[in-house]
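Below is one structure, written out as structure tokens, with a few remarks after it.
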Amino acid sequence: MPDVRDGLRDGLQAALEGVGVVPAPVEIAIERPRDRSHGEWSSNVALAAAKTARRPPRQLAEQIVAHLSAEPPPHVLAVEAAGPGFVNFRLAPSWLHEVLAEVIAAGADGYARSDTGSGRSVSVEFVSANPTGPLHAGHGRWAAYGDSLCRLLERCGYRVTREFYVNDRGRQIDLFAASLDARSRGAEPPEDGYHGEYVADWAAEMPDGADPRQWGLERARRDQADTLAAMNVTFDRYTSESALVARGAMDRVLDDLRSRAMVYTQDGAVWLRTGEFGDSADRVLVKSDGEPTYFLPDIAYHHEKFSRGDLVIDILGADHHGYVPRMRAALGALGHPPEGYETLIGQNVTLRRGGVAVRLSKRAGDMVIVSELLDEVGPDVTRLVYLLQSIDTTQTIDIDVVSAQSAENPVYYLQYAHARIHSLGRQAEARGVRRASLDGVDLAVLVHERELDVLRALAGLPDTVAAAMRARAPHQVTTWARELASAFHRFWHDCPILRDDVGEDVRQARLWLVEATRIGLAVALAILGVSAPERL
RNA sequence: GCCCUCGUAGCUCAGUGGAUAGAGCAUCGGUCUCCUAAACCGUGUGCGCAGGUUCGAUUCCUGCCGGGGGCGCCA
């Protein structure tokens with residue numbers, strides 16, 4: 001896909017040669033200046049290359065400008081040296097008209113797609129909630145985040161496997177089954193058991209004679225699956241811990257570690273030398289009672305995942321961050337390269353209702369589950385709210401705000417832009433206005449600042465998608481979508497389309513501009529896993 | 001004590017190794033005979049503190065202060 005920066009970069013390259021800076025000492029960076037008055041694009045090459053060029057940056061910038069001005073790259077109206085030594089480019093709107101044509105040609109399926117990950121596979125594990133209860137608000141965040149990250153990776157060409165690990169054996173399951181059993185008999189769960197209300201609810205559903213363990217696991221998994229389905233999050237692979245143990249994967253990985261002399265016995269327990277691989281201490285693999293800890297099957301699971309991904313990504317809650325060094329150490333002990341394993345730690349979610357924070361604790365019982373949020377605001381708002389901010393920050397979701405049908409709710413701004421586009425389509429149809437073939441439309445009539453702002457936003461989408469994928473930060477796509485919506489609302493306000501006093505040539509060009517906006521919004525919403533209403 | 005993470009406007013949050021740090025909400029004041037006013041326009045003494053690296057730091061590094069999370073032969 002053509003990029004206006006290619007021409008600018010070639011021009012800068014030639015200019016550097018022209019002023020005797022050969023070869024260029026740095027990669028030529030071209031970025032958008034924060035301040036529009038500094039032009040459409042800007043380069044800091046003169047600042048970066050000044051030292052090797054052995055002249056003041058400002059002087060170098062002026063020399064570069066002199067060369068570029070003699071033979072300006074495509075679309076360039078003027079080149080200026082500015083500030084400490086920036087080279088600023090002023091461009092004709094034609095570069096944006098080319099962007100519009102590109103967006104239309106690529107469509108929602110093709111625009112902002114890249115092949116940076118083609119031929120590479122990645123396994124992404126997220127949510128992996130214990131089958132001991134419903135998904136809480138934090139799980140909802142990982143579901144929204146993880147699925148959107150996968151969509152980003154896919155858009156960049158990676159082959160992605162979405163993975164969910166089910167810890168269906170061990171002490172927590174025993175406690176859950178015991179809690180369920182106690183409730184079904186009208187008794188209190190064990191002290192360190194599960195005290196949430198749902199345990200009593202589920203116990204009441206449990207048929208007489210059912211095995212609380214088996215029945216409870218199925219009940220919890222069904223509940224979680226329903227919630228994930230409601231959020232439009234699906235997994236390619238569920239791996240059961242007990243099944244993994246049953247088919248011998250755990251024993252095999254233990255043998256493997258033994259053969260590598262990574263294991264020793266002490267106090268009747270089997271330990272892994274994780275301390276030698278960067279962990280703060282060695283860890284127990286098999287307890288003195290002969291039972292494996294969760295850690296050993298988890299190692300086996302991660303070992304397996306490398307058969308599905310060149311890159312293995314775990315998305316974990318902040319409360320599991322301490323687990324990262326030991327898993328990293330275990331994988332190192334098995335000979336996996338460190339760069340093949342990536343962990344993304346998400347901070348907690350707090351829900352607020354009526355101005356009061358609701359505490360999240362599945363075992364204590366006072367828990368806010370995702371389905372509560374889903375029931376109130378629906379899957380689209382739920383996902384978008386989760387993806388409004390970075391997972392590095394703790395998130396506070398005010399249920400009163402996000403469930404309000406008001407301007408306070410940040411989701412509506414986006415949805416309204418989408419609805420306006422579809423409203424225009426309906427109006428156009430009612431008035432018998434049709435969009436002419438793009439070949440016959442003169443996009444050069446798009447010169448209004450509001451029109452150009454929309455196109456500038458659209459021009460930035462490919463970079464945004466690429467950057468969001470690299471940073472594992474789907475919320476950057478949300479931010480972009482809000483910026484596009486803002487540009488679109490301002491355009492809408494100032495640039496009528498169907499009104500009688502609008503000339504046909506301008507109307508046609510604007511109809512295509514709206515279509516391009518629709519495509520941009522569709523790309524972003526597809527990555528976010530959100531659908532927007534066609535009318536509000 | 002150690003580890004992870006955050007600290008940006010009254011509130012909720014974006015953002016960047018660069019040239020004058022943004023959005024939404026809230027406040028106050030404007031804009032519909034016109035495609036949806038859930039919109040638009042105007043309105044602001046803000047990067048926790050101190051060092052360091054750099055031509056340039058709010059951004060990177062170190063320390064401190066403050067918030068959240070974690071440090072089991074639980075998962």
Side-chain angles (χ1 to χ4, degrees), chain A residues 29 31 33-35 37-38 42 44 47-48 50-51 56-57 82-86 88 128-130 132 167 169-175 192 241 266-271 280-281 283-289 291-295 298 316-325 343 345-348 350 363 388-398 401 405-413 415-417 419-428 430-431 433 450 475-476 478-480 482-483 485-486 488-502 507 510 514 535-536:
Chain A
E31 53 195 23
R34 203 164 16 210
D35 187 334
S37 71
H38 292 129
S42 176
N44 66 351
L47 288 155
K51 197 174 268 182
F86 291 102
N88 293 340
S128 291
N130 286 352
T132 55
N167 291 104
R169 55 167 288 284
R171 179 170 162 72
Q172 293 305 322
I173 300 301
D174 296 342
L175 285 170
D192 50 358
E241 180 182 352
Q266 185 181 307
D267 303 330
V270 179
W271 299 70
S280 56
R283 305 290 169 181
V284 170
L285 295 178
V286 183
K287 296 188 270 184
S288 50
D289 64 4
E291 274 297 301
T293 61
Y294 83 97
F295 186 37
D298 214 8
L316 302 166
D319 56 340
H320 283 68
H321 93 269
Y323 148 107
V324 172
T343 51
I345 309 295
Q347 299 302 309
N348 289 341
T350 307
R363 293 176 205 174
L388 280 171
Q389 67 190 69
S390 160
I391 59 153
D392 290 337
T393 62
T394 52
Q395 181 173 34
T396 304
I397 298 177
D398 190 324
V401 168
Q405 308 272 312
S406 79
E408 265 185 278
N409 187 339
V411 172
Y412 279 92
Y413 192 75
Q415 296 191 328
Y416 189 40
R420 276 183 152 175
I421 290 170
H422 287 270
S423 165
L424 181 78
R426 291 190 295 270
Q427 276 292 325
R431 298 180 186 207
V433 175
R450 300 306 199 206
H475 79 277
Q476 291 180 359
T478 313
T479 301
W480 178 87
R482 295 170 80 181
E483 282 165 6
S486 173
F488 179 72
H489 283 308
R490 283 179 287 132
F491 156 75
W492 182 277
H493 187 266
D494 290 350
C495 302
I497 300 166
L498 299 178
R499 242 165 51 182
D500 295 340
D501 57 334
V502 177
R507 174 176 299 139
R510 285 179 177 168
V514 173
R535 58 181 87 215
L536 287 184

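First the proteins, then the strands, lettered A, B, ... as listed; each starts at 1. Because only heavy atoms are used, hydrogens play no part in the values below, and waters and symmetry mates are left out as well, while side chains stay in. If you're wondering where the values come from, they're calculated on a predicted model, not measured in any experiment.
Base engagement by A:Asp267 is indicated by at least one non-hydrogen atom pair under 4.0 Å involving a base atom. Within 4.0 Å of A:Thr396, counting heavy atoms only, lie sugar-phosphate atoms of the nucleic acid but no base atom. Here A:Tyr413 lies in heavy-atom contact (under 4.0 Å) with sugar-phosphate atoms only. Nucleic acid contact class of A:Pro57 (heavy atoms, under 4.0 Å, all strands): none. If you check every strand for non-hydrogen atoms under 4.0 Å, A:Arg535 touches a base. If you check every strand for non-hydrogen atoms under 4.0 Å, A:Asp392 touches sugar and phosphate atoms only. Looking at heavy-atom distances under 4.0 Å, A:Pro325 makes no contact with the nucleic acid at all. As judged by a 4.0 angstrom heavy-atom cut-off over every strand, A:Asn167 is placed among residues touching the sugar-phosphate backbone only.
Side chain A:Ser288 to base B:rC73: a donor-acceptor pair is found below 3.5 Å. Residue-to-nucleotide contacts include no donor-acceptor pair under 3.5 Å from the side chain of A:His475 to the base of B:rA14. Looking at A:Asp494, its side chain has no donor and acceptor atom pair within 3.5 Å of the base of B:rA39. Not a single donor-acceptor pair, N or O on each side, falls under 3.5 Å between the base of B:rC35 and the side chain of A:Arg499. Scanning atom types as modelled, one donor and one acceptor separated by under 3.5 angstrom connect the side chain of A:Ser42 and the base of B:rA19. Residue A:His321 places no side-chain atom within donor-acceptor reach of the base of B:rG70, judged by atom type and a 3.5 Å distance cut-off alone. A:Gln347 contributes no side-chain N or O that forms a donor-acceptor pair with the base of B:rC6 under 3.5 Å. Side-chain to base pairing of A:Tyr412 with B:rA38: no donor and acceptor N or O lie closer than 3.5 Å to each other.
Side-chain polar atoms of A:Arg420 and A:His489 form a donor-acceptor pair below 3.5 angstrom. A donor-acceptor contact closer than 3.5 angstrom links the side chains of A:Ser42 and A:Asn88.
An OP1 or OP2 oxygen of B:rG72 is reached within less than 4.0 angstrom by no side-chain nitrogen or oxygen of A:Lys287. One finds a side-chain N or O of A:Arg420 lying less than 4.0 angstrom from the OP1 or OP2 phosphate oxygen of B:rA37. For A:Arg34, a side-chain nitrogen or oxygen approaches OP1 or OP2 of B:rA19 to under 4.0 Å.
Across the interface with RNA chain B, nearest-nucleotide mapping of A:Leu388 and A:Trp271 shows A:Leu388 to be the residue nearer the 5′ end. Of the two residues near RNA chain B, A:Arg171 and A:Ser37, the one whose nearest nucleotide lies more 5' is A:Ser37.
Considering only side-chain atoms of A:Arg482, the nucleotide from B:rC35, B:rC40, B:rG24 that sits closest is B:rG24. For A:His493, the listed nucleotide lying nearest its side chain is B:rU31; candidates were B:rA19, B:rC73, B:rU31. Nearest to the side chain of A:Arg431, among B:rG70, B:rA75, B:rC35, sits B:rC35. Minimum atom distance to the side chain of A:Pro496 is reached by B:rC35, of the listed B:rC55, B:rC35, B:rA75. Of the candidate nucleotides B:rC40, B:rC13, B:rU20, B:rC40 has the atom lying nearest to any side-chain atom of A:Arg450.
The partner of B:rA57 cannot be assigned: no Watson-Crick or G-U wobble pair with both contacts below 3.5 Å exists in any strand. Nucleotide B:rC47 forms a pair with no other nucleotide shown, judged by Watson-Crick or G-U wobble geometry with both contacts under 3.5 Å. Pairing partner, B:rC2: B:rG70, with both Watson-Crick or wobble hydrogen-bond distances short of 3.5 Å. Across all strands shown, B:rU33 remains unpaired; no Watson-Crick or G-U wobble contact has both distances below 3.5 Å. For B:rG17, there is no paired nucleotide, since no Watson-Crick or G-U wobble pair has both relevant distances below 3.5 Å. As the counterpart of B:rA38, no nucleotide is assigned, since no Watson-Crick or G-U wobble pattern has both distances under 3.5 Å.
The neighbour count for A:Arg426 CZ, taken as heavy atoms of other residues, nucleotides or ligands under 6.0 Å away, is above 12.
For B:rC28, the glycosidic angle deviates from 0 by more than 90°, giving an anti base.
Without hydrogens or angle criteria, A:Gln389 side chain to A:Thr394 main chain gives a donor-acceptor distance under 3.5 Å.
Using P as the reference atom, B:rU53 and B:rA9 are 29 Å apart when rounded to the nearest Å.
Below 30°, between 30° and 60°, or above 60°: for A:Phe491 and A:Phe488 the angle between ring planes is between 30° and 60°, a tilted geometry.
In this structure, the aromatic ring of A:Trp492 is not positioned over the six-membered ring of the base of B:rA39 within 5.5 Å between centres and 30° between planes. Under the stacking definition used here (centres under 5.5 Å, planes under 30°), the residue A:His38 qualifies as stacked on the base of B:rA19.
Here the closest heavy-atom approach between residue A:Leu388 and residue A:His475 is recorded as C-CB, 4.1 Å.
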